[in-house]
Amino acid sequence: MKYKAVYEYGVQVLEQAEVPEAALDARLLLEETCGTDRTTLFAHPDKELSEDEWKTYKDYIQKRAERIPLQHILGKTEFMGLTFKVNKDVLCPRPDTEVLVEEVMKYLHDGMRILDMCTGSGCILLSLLRYSNDCVGVGADLSPEALQVAKANCEELGLEEAASFIESNLFEGVEGKFEIIVSNPPYIKTEEIDTLMPEVRNHEPMMALDGLEDGLHFYRLISKQAKDYLPGGGMLFFEIGYDQGEEVQQIMLENGYQEVHLVKDFAGLDRVVYGVKI
């Protein structure tokens with residue numbers, strides 16, 4: 001089978017399965033299979049695939065047609081210009097979350113201590129540490145499986161001296177003070193889980209999605225408890241759902257935070273709320 005013909009096969013199968021961005025996913029899976037780049041499709045359309053490559057590609061395409069996330073098939077994803085390992089035990093990092101990281105970085109100074117609550121893959125904490133100097137951080141999560149992924153990403157990025165990860169039900173296992181606490185907690189309303197794309201509702205950890213009845217459960221708990229772990233002037237940052245800005249701001253104000261701000265993403269949707277402990 002020739003490279004272009006194989007690609008067209010992949011596109012057709014994924015389109016029939018109603019996979020979003022079928023052409024892109026077909027190309028990325030082909031590049032992963034053959035160890036090629038995006039120019040190969042145009043420069044070498046007649047490149048022959050080996051029997052093993054053809055078999056591997058068909059297997060990848062079948063998995064994607066079953067709506068297994070592309071990131072899970074590849075076992076990795078890009079976030080903040082870095083590569084992170086992912087699997088079914090962690091929420092796949094999304095471009096929207098880069099808005100959270102970029103907002104924190106505006107206030108992150110050398111030598112600060114960071115807590116990443118509900119760390120998942122560790123992408124938020126590790127990105128902040130990678131792009132700062134002499135900062136240290138702790139990633140906390142209730143899932144031991146997620147923490148294994150975070151630790152693997154930490155080692156891959158060479159940040160073992162800067163980051164540690166703990167199994168903790170919110171703040172139960174956390175010690176000390178942090179100038180920055182950041183969190184992308186579960187914030188989907190329970191009743192809305194079934195309306196999510198199959199890639200999300202069927203293949204990503206429910207623990208990382210379900211924000212209970214109104215989606216605000218963890219914002220209330222974290223806002224209240226975080227005050228004990230922030231010094232005066234310390235800051236709490238949240239990623240939020242597209243329609244939760246006003247409510248999360250109110251939660252933070254009710255818990256005594258000052259200078260509470262809402263940040264929108266590039267689509268103009270609510271994405272980050274942060275405030276200062278005075």
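- Note on Asp59 versus Lys55: no salt bridge recorded, every NZ/NE/NH1/NH2 to OD/OE distance being 4.0 Å or above.
- Exactly one residue among Gln62, Lys63, Arg64 makes a side-chain hydrogen bond (donor to acceptor under 3.5 Å, both in side chains) with Glu66. That residue is Gln62.
- Under the ring-ring contact (aromatic ring centres under 6.0 Å, His included) criterion, Tyr229 pairs with Phe171, sequence neighbours left out.
- For Glu179 (side chain) and Met112 (main-chain N/O), no donor-acceptor pair under 3.5 Å exists by modelled atom type.
- No side-chain donor-acceptor contact under 3.5 Å links Asn153 to the backbone of Gly122.
- If you check the side chains of Thr33 and Glu53, you find no donor sitting under 3.5 Å from an acceptor.
- Counting only distance, with no hydrogens or angles, the side chain of Ser127 and the backbone of Cys123 share a donor-acceptor pair below 3.5 Å.
- Under a hydrophobic clustering in which Ile, Leu, Val, Met, Phe, Trp and Tyr are joined whenever their side-chain heavy atoms come within less than 4.5 Å, directly or via other members, Val276 and Val248 fall into different clusters.
- Residues Ile180 and Phe218 fall into different hydrophobic clusters, defined by Ile, Leu, Val, Met, Phe, Trp and Tyr side chains chained together at heavy-atom separations under 4.5 Å.
- Shortest non-hydrogen contact noted between Pro231 and Lys277 is O-CD, 3.9 Å.
- Looking at every heavy atom in both residues, Asn255 comes nearest to Ser223 through ND2-CB, 3.8 Å.
- Note on Phe165: it clusters hydrophobically with Leu128, by side-chain heavy-atom contacts below 4.5 Å among ILVMFWY residues.
- The two residues Cys118 and Leu170 come nearest to each other via the heavy atoms SG-CD2, 4.4 Å.
- No more than 12 heavy atoms of other residues, nucleotides or ligands sit less than 6.0 Å from atom CD of Glu161.
- Environment of CD in Glu102: crowded, with over 12 heavy atoms of neighbouring residues, nucleotides or ligands closer than 6.0 Å.
- Residues Ile251 and Tyr219 approach most closely at CG2-O, 3.8 Å, considering heavy atoms.
- Taking a 6.0 Å sphere around CD of Glu167, one finds it holds more than 12 heavy atoms contributed by other residues, nucleotides or ligands.
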Trace of the side chain to side chain contact (heavy atoms under 4.5 Å, CB included) decision for Lys4 with Asp46: CA-CA 7 Å; Lys4 185 179 180 181; Asp46 293 330; over 6 Å; no
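- Within the 4.5 Å cutoff, no side-chain heavy atoms of Glu247 are placed close to those of Gln250.
- Counted within 6.0 Å of CD on Glu160, heavy atoms from surrounding residues, nucleotides or ligands total more than 12; the atom is thus considered enclosed.
- The one candidate from Ile61, Leu49, Thr56, Thr40 that meets the side chain to side chain contact (heavy atoms under 4.5 Å, CB included) condition with Leu30 is Leu49.
- Between Gly173 and Ile166 the shortest heavy-atom distance is O-CD1, 3.4 Å.
- Of all heavy-atom pairs spanning Val13 and Ala65, the tightest one is CG1-CB, 4.1 Å.
- Remark: Arg220 engages Asp214 in a salt bridge, criterion side-chain N to carboxylate O under 4.0 Å.
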Applying side chain to side chain contact (heavy atoms under 4.5 Å, CB included), run through Leu230 and Tyr257 and close with a yes or a no. CA-CA 11 Å; Leu230 287 167; Tyr257 294 89; 4.0 Å; yes
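- For Gln244 (side chain) and Gly241 (main-chain N/O), a donor-acceptor pair under 3.5 Å exists by modelled atom type.
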So Leu126 and Arg130, side chain to side chain contact (heavy atoms under 4.5 Å, CB included) or not? Walk me through it. CA-CA 6 Å; Leu126 296 172; Arg130 178 65 176 79; over 6 Å; no
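- Taking a 6.0 Å sphere around NZ of Lys177, one finds it holds more than 12 heavy atoms contributed by other residues, nucleotides or ligands.
- A heavy-atom distance below 4.5 Å is not found between the side chains of Pro93 and Gln71.
- Heavy atoms of other residues, nucleotides or ligands lying less than 6.0 angstrom from NE2 of His261 number more than 12.
- You'll find the side chain of Leu29 reaches within 4.5 Å of the side chain of Tyr57, heavy atoms only.
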For Glu103 and Lys106, what are the C-alpha separation, side-chain angles and deciding distance, and is it a salt bridge (Lys or Arg N to Asp or Glu O under 4.0 Å)? CA-CA 5 Å; Glu103 200 63 32; Lys106 295 177 183 178; 3.2 Å; yes
Hey, mind stepping through Phe238 and Tyr187 against ring-ring contact (aromatic ring centres under 6.0 Å, His included) and telling me if it holds? CA-CA 10 Å; Phe238 285 121; Tyr187 58 70; over 10 Å; no
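- No more than 12 heavy atoms of other residues, nucleotides or ligands sit less than 6.0 Å from atom NZ of Lys76.
- If you check the side chains of Thr36 and Glu31, you find no donor sitting under 3.5 Å from an acceptor.
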Check the pair Val86, Leu74 against side chain to side chain contact (heavy atoms under 4.5 Å, CB included), reporting the backbone distance first and the verdict last. CA-CA 9 Å; Val86 293; Leu74 299 176; over 6 Å; no
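- Under the 30°/60° scheme for interplanar angles, the aromatic rings of Phe79 and Phe84 are found to stand perpendicular.
- Scanning for salt bridge (charged side-chain N to carboxylate O under 4.0 Å, His left out) contacts around Asp89 gives an empty result, with sequence neighbours left out.
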Run the side-chain donor-acceptor check on residues 134-142: report pairs under 3.5 Å with partners two or more places apart or on a different chain.
from: Asp141; atom 1: OD1; to: Ser143; atom 2: N; distance (Å): 2.9
from: Asp141; atom 1: OD2; to: Thr119; atom 2: N; distance (Å): 3.3
from: Asp141; atom 1: OD2; to: Gly120; atom 2: N; distance (Å): 2.9

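- Between the Asn169 side chain and the Glu172 main chain, no donor and acceptor come within less than 3.5 Å of each other.
- Counting only heavy atoms from C-beta outward, the side chains of Glu48 and Lys2 approach each other to under 4.5 Å.
- Using a 4.5 Å cut-off between side-chain heavy atoms of Ile, Leu, Val, Met, Phe, Trp and Tyr, with links allowed through other members, Leu147 and Ile124 fall into the same hydrophobic cluster.
- There is a path of hydrophobic side-chain contacts, each under 4.5 Å, that joins Met1 to Leu28.
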Worked verdict on Asp270 versus Lys264 for salt bridge (Lys or Arg N to Asp or Glu O under 4.0 Å): CA-CA 4 Å; Asp270 295 355; Lys264 295 184 180 291; 2.7 Å; yes
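- Side-chain atoms of Arg94 come within 3.5 Å of backbone N or O of Cys92 as a donor-acceptor pair.
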Evaluate the side chain to side chain donor-acceptor pair (under 3.5 Å) criterion for residues Thr39 and Asp37: first the C-alpha distance (whole Å), next the side-chain angles of each, then the deciding distance (0.1 Å), finally the verdict. CA-CA 6 Å; Thr39 64; Asp37 59 32; 2.6 Å; yes
